[in-house]
There are 2 protein chains.
Amino acid sequence: MDVLLKFKLNEHLYLRDPETSEVGKAIVNNAIELIHEVGFEQFTFKKLAQKIDSTEATIYRYFSSKYKLLTYILNWYWCYLEFVAKMRLQQIVDPVEKLRLMLRIIMHDEEVVSRVQDYNLEKLHSIVIAESSKAYLVKEVDEINQEKVFSPLKSLCHFIQEIILELNPDFDYSRSLASTLLETAHDQQFFSEHLPSLTDNTARLDHRKYVFNYLNKLAFSVLK
Amino acid sequence: MDVLLKFKLNEHLYLRDPETSEVGKAIVNNAIELIHEVGFEQFTFKKLAQKIDSTEATIYRYFSSKYKLLTYILNWYWCYLEFVAKMRLQQIVDPVEKLRLMLRIIMHDEEVVSRVQDYNLEKLHSIVIAESSKAYLVKEVDEINQEKVFSPLKSLCHFIQEIILELNPDFDYSRSLASTLLETAHDQQFFSEHLPSLTDNTARLDHRKYVFNYLNKLAFSVLK
DNA sequence: TATAAATAATAGTATTACTATCACAAAAAT
DNA sequence: ATTTTTGTGATAGTAATACTATTATTTATA
């Protein structure tokens with residue numbers, strides 16, 4: 001099943017909305033491919049322009065820098081995760097089951113929608129794991145934050161927080177636990193793949209399954 | 001009290017050992033100042049050369065890239081943390097007290113040694129929070145890891161893991177919990193300062209104290 | 001059909017991340 | 001005491017990056 005998901009993303013992220021033209025869509029699409037391929041440090045607008053058979057100048061008409069483009073992609077992802085979570089959790093009443101499914105969704109443990117808006121979700125997920133912290137671990141974080149470009153992330157964390165509070169209304173660290181679960185999902189997946197001695201996935205099993213089990217242990221121990 | 005701590009750091013990190021000359025020490029020292037000041041992205045060898053009244057070429061004789069220099073600094077920090085932890089935990093027998101003190105050490109909650117080897121520990125700690133993940137969140141992580149430059153980090157995590165196992169020998173995720181505590185200490189401190197709505201430090205109290213309390217809650221709930 | 005908007009092509013600048021060469025001074029070896 | 005080695009500073013240069021500006025051409029819209 002193919003589906004087209006559009007989210008109204010923050011206008012500070014782009015100069016011209018890439019959703020409104022073919023070149024724009026090609027930029028975002030191929031940026032995901034290219035960042036996945038070469039990593040964010042080696043990713044340049046010149047290489048991206050070559051990939052889409054266009055010029056740097058054209059890309060600069062959409063995004064003022066590669067950081068903005070990365071943040072745009074991450075914004076789309078955070079909106080996507082919250083949307084999918086809201087859809088799938090709607091029918092579930094048991095908060096334990098809710099949190100478990102939420103963790104499964106964070107981990108991309110099963111694919112409901114395989115192709116969305118022509119974005120490759122697998123590659124997008126890899127980018128989120130390896131590059132997402134680079135969007136905010138910068139000197140200008142406070143100015144960027146003022147432009148409200150992190151509100152989809154905050155909104156997603158808030159959604160997770162609400163599940164946490166359903167499970168344990170007296171828990172004093174619901175926000176921190178929500179952001180910790182999200183960050184730890186990324187860290188531990190990266191460690192499991194590249195620095196395995198920092199994890200207990202010694203059998204080198206499926207990284208997702210391992211991290212999913214660990215996150216469950218973590219979350220439910222803390223909330224019990 | 002001033003103290004000089006020297007650690008034998010991995011030879012793959014430098015071309016010439018900066019400990020062996022005044023310029024070398026000035027490079028590392030001022031790199032900490034400069035990265036703290038402008039952030040790793042804006043940090044260049046040209047700016048560093050100006051700061052120490054020398055030339056780019058001189059710095060390149062010590063470090064082949066700014067990534068290597070960052071990793072060198074982080075290596076020193078990881079060695080330092082493990083050393084301090086081993087010293088301070090030696091007399092303590094109660095594993096609960098051990099873990100609590102370990103978390104306090106991770107958070108730099110109290111300063112025993114204020115100036116070490118002329119490195120500014122406060123600035124070093126800020127760098128660790130904001131920049132440490134950039135040392136391994138790169139495409140070349142596997143090649144870099146083969147050079148053993150992350151072994152001080154692994155060793156530090158292993159030390160924390162042992163405390164965890166003392167507390168709960170049957171715990172299945174001692175390594176992951178160790179790395180999670182370290183990473184979460186950084187994330188949550190950064191969030192508390194710059195994206196506070198991702199934490200529960202709503203009173204905007206002392207970030208360290210807040211994160212320290214949160215880590216305690218996390219660790220001891222999971223291990224109970 | 002006229003007009004406006006978006007794009008490709010081209011050119012150019014400042015900065016970055018290096019590499020290479022050479023001369024000089026200090027330290028070490030003979 | 002004087003060679004030799006070593007580290008440093010000064011200078012120069014290159015390829016790549018991160019942009020900005022200009023113009024001609026295509027495409028969409030009135």
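Within every chain, numbering begins at 1; the chains are lettered A, B, ... in the order of the sequence lines, protein sequences first and strands thereafter. Just so it is clear, the model here is predicted, and its values are computed rather than measured.
Nearest to the side-chain atoms of A:S54 among the listed nucleotides C:dA8, D:dT17, D:dG9 stands C:dA8. With distances taken from any side-chain atom of B:E56 to the nucleotides D:dT8, C:dC18, D:dT17, the minimum falls on C:dC18. Checking C:dA17, D:dT17, D:dG9 against the side-chain heavy atoms of B:T44 singles out C:dA17 as nearest.
For the pair A:T55 and C:dA9, the criterion of a side-chain N or O lying under 4.0 Å from OP1 or OP2 is not met. The phosphate of D:dG7 (OP1 or OP2) has no side-chain N or O of B:S21 nearer than 4.0 angstrom. Phosphate contact (OP1/OP2 of D:dA18, side-chain N/O of A:S65, threshold under 4.0 Å): absent.
Side chains of B:P18 and B:V28 form a contact here, defined as non-hydrogen atoms less than 4.5 Å apart. Under the 4.5 Å side-chain criterion, counting only non-hydrogen atoms from C-beta, A:Y77 is not in contact with A:I127. Contact of the B:E183 side chain with the A:Q188 side chain is not registered, since no non-hydrogen atoms from C-beta on lie closer than 4.5 Å. B:Y214 has its side chain within reach of B:T184: a pair of non-hydrogen atoms, C-beta onward, lies under 4.5 Å apart.
One can place OH of A:Y60 at 5 Å from C1' of D:dC19, the figure rounded to the nearest angstrom. Rounded to a whole Å, the CZ atom of B:F43 is 12 Å from the P atom of C:dT16. In this structure, the NZ atom of A:K25 is 12 Å from the P atom of C:dT7, given to the nearest Å. Rounded to whole Å, atom P of C:dT7 lies 15 Å from atom CZ of A:F45. Computed from coordinates, the A:L15 CG to D:dA18 C1' distance equals 14 Å when rounded to whole Å. As rounded to whole Å, 19 Å separates atom P of C:dT15 from atom CD of B:E41. At whole-Å resolution of the value, CZ in B:F63 and P in C:dC18 are 14 Å apart. Look at CG on B:L34: it is 14 Å from C1' on C:dT16, rounded to the nearest Å.
Using a 4.0 Å heavy-atom distance criterion, B:Y67 is classed as making no nucleic acid contact. Residue A:R16 is in sugar-phosphate contact alone, with no base atom involved, counting any heavy-atom pair closer than 4.0 Å across all strands shown. Residue A:Y62 is in sugar-phosphate contact alone, with no base atom involved, counting any heavy-atom pair closer than 4.0 Å across all strands shown.
Atoms NE2 and CZ, on B:H207 and B:F191 in that order, are 13.5 Å from each other to the nearest 0.5 Å.
Residue A:K46 is the one, among A:K46 and A:A57, whose nearest nucleotide of DNA chain D lies closer to the 5' end (criterion: closest heavy atom).
For the residue pair A:S21 and A:Y62, a side-chain donor N or O sits within less than 3.5 Å of a side-chain acceptor on the partner. With no hydrogens or angles considered, a side-chain donor-acceptor pair links A:S176 and B:Y210 at under 3.5 Å.
Between its two ends, the helix from C:dT1-D:dA30 to C:dT30-D:dA1 turns its axis by 20°, counting five pairs per end and rounding to 10 degrees.
The pair A:K86-A:E162 fails the salt-bridge criterion, with no side-chain N (NZ, NE, NH1 or NH2) lying under 4.0 Å from an Asp/Glu carboxylate O.
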